[in-house]
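Dropping a structure here in C-alpha cells format, bear with me for questions.
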Amino acid sequence: MKTQMKTFTMMVGLLAMSAVMALAQRPGGQGGPGGQGGPGSPGGQGQRDGLSGLKRAIAAANAPALTETQETAIKALIAAYRDAQPDEADAALEAARDAYDAALLAGNQAAIDTAADQIAARQAVLSAARLKASARLTLALLANLRTGGQLAPLTEKLGADKVLHLVRSLSGRGGR
C-alpha cells in the first residue's frame with residue numbers, strides 16, 4: 001500500500017510539473033521570470049541565469065540595474081533558502097500516514113481519526129515552517145531591491161502583487 005501511495009504521489013507530482021512547465025512556455029521559447037536559458041543565452045554554456053526574469057523586469061521598469069554586489073547577495077540568499085529545505089520526507093508525517101493506512105485496513109475508525117488528526121497537525125507545522133522561511137527570504141530580497149533603488153520603479157510598473165510574485169518565484173517555489 002505504501003509503495004502504491006508513493007507511486008501515485010510521484011505521478012501526481014510529475015503531472016503537476018508538466019502542467020507548470022507548459023504554462024511557463026512563452027512564444028519564441030522564452031520562459032517567464034527565471035526562465036530557462038539555452039546555450040546561447042546570457043550566462044553561456046547552457047547555464048540558467050536564475051535572475052534573468054528579475055533583470056528583464058528591472059530593465060522594463062527603467063530601474064537601476066542590479067549591481068554585482070546585489071546579484072551576489074540575492075544568489076546567496078536563494079542558495080541558503082534552498083539549502084535549508086528538507087531533502088527527505090518528514091518521518092513524523094510518514095509515520096502518521098502509515099498509521100492511517102493501517103487503521104483503514106483494520107477498519108478502526110478511532111485509530112483513523114487519531115492518525116488523521118496527527119497528519120493534519122504535522123502538515124500544519126510543516127506548512128507554517130515553509131511559509132515563515134519563504135517570508136524571511138522574500139523580506140530579504142525586497143530589502144535588497146529597496147536598497148538598490150529597484151523596488152519603487154518595479155512596484156510602479158508592475159504593481160505590488162506582481163512584484164511579490166516575481167520575487168517569490170526566485171526561490172524556485174512557483175511564486176508562493
For the residue pair Ser169 and Leu166, what are the closest heavy atoms and their distance?
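The answer is OG-O, 2.6 Å.
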Straight-line distance of Leu142 CG to Thr155 OG1, nearest 0.5 Å
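It is 8.0 Å, given to the nearest 0.5 Å.
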Side chains of Thr72 and Thr67: does their closest heavy-atom pair fall under 4.5 Å?
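Heavy-atom side-chain distance check fails, nothing below 4.5 Å.
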Nearest heavy atoms of Gln70 and Leu145, plus distance in Å
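Heavy atoms of Gln70 and Leu145 come nearest at NE2-CA, 4.2 Å.
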Would the number of heavy atoms belonging to other residues, nucleotides or ligands and lying under 6.0 Å from CD of Glu68 be above 12?
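Not buried by this count: 12 neighbours or fewer within 6.0 Å.
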Do Pro153 and Lys157 have side-chain heavy atoms sitting under 4.5 Å apart?
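No, too far: nothing below the 4.5 Å cut-off.
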Within this structure, what is the CG-CG distance for the pair Leu77 and Asn144, rounded to the nearest 0.5 Å?
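Going from CG on Leu77 over to CG on Asn144, the span is 7.0 Å.
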Non-hydrogen atoms of Pro64 and Gly149 that approach each other most closely:
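The answer is CD-O, 3.4 Å.
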To check you understand the geometry: which heavy-atom pair defines the closest contact between Gly50 and Leu170, and what is its length?
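Here Gly50 and Leu170 meet closest at O-CD2, 3.6 Å.
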How long is the span from the CG atom in Leu54 to the CG atom in Leu141, to the nearest 0.5 Å?
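Reported value, rounded in 0.5 Å steps: 8.5 Å.
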Measure from the side-chain N and O atoms of Gln85 to the backbone N and O of Tyr81, and report whether any donor-acceptor pair falls under 3.5 Å.
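Yes: the side chain of Gln85 pairs with the backbone of Tyr81.
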Min side-chain heavy-atom separation Val125-Asp90 under 4.5 Å:
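No, side chains not in contact.
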Looking at every heavy atom in both Arg82 and Ser171, which two are closest together, and how far apart are they?
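Heavy atoms of Arg82 and Ser171 come nearest at NE-O, 3.0 Å.
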Arg146 CZ to Leu154 CG distance, which is reported to the nearest 0.5 Å
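Output value for this atom pair is 12.0 Å.
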Strictly distance-based, threshold 3.5 Å: is any side-chain N or O of Thr138 a donor or acceptor partner for the main-chain N or O of Ser134?
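Looks like yes, one N/O pair under 3.5 Å.
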Looking at side-chain heavy atoms only, is the closest gap between Lys55 and Asp49 below 4.5 Å?
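Lys55 vs Asp49: side chains touch.
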Taking the side chain from Ser127 and the backbone from Gln123, do they hold a donor-acceptor pair closer than 3.5 Å?
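Not confirmed, Ser127 side chain does not pair with Gln123 backbone.
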From Arg136 atom CZ to Leu131 atom CG, the distance as rounded to the nearest 0.5 Å:
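Here the rounded value is 10.5 Å.
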Side-chain donor/acceptor of Glu94 to backbone N/O of Ala89, under 3.5 Å:
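Absent.
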Test of understanding: clusters of I, L, V, M, F, W, Y form through side-chain heavy atoms closer than 4.5 Å, transitively. Do Leu139 and Val163 belong to the same one?
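No, no single cluster joins them.
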How many angstroms lie between atom CD1 of Ile58 and atom CD of Gln150, to the nearest 0.5 angstrom?
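Separation between the atoms: 4.5 Å.
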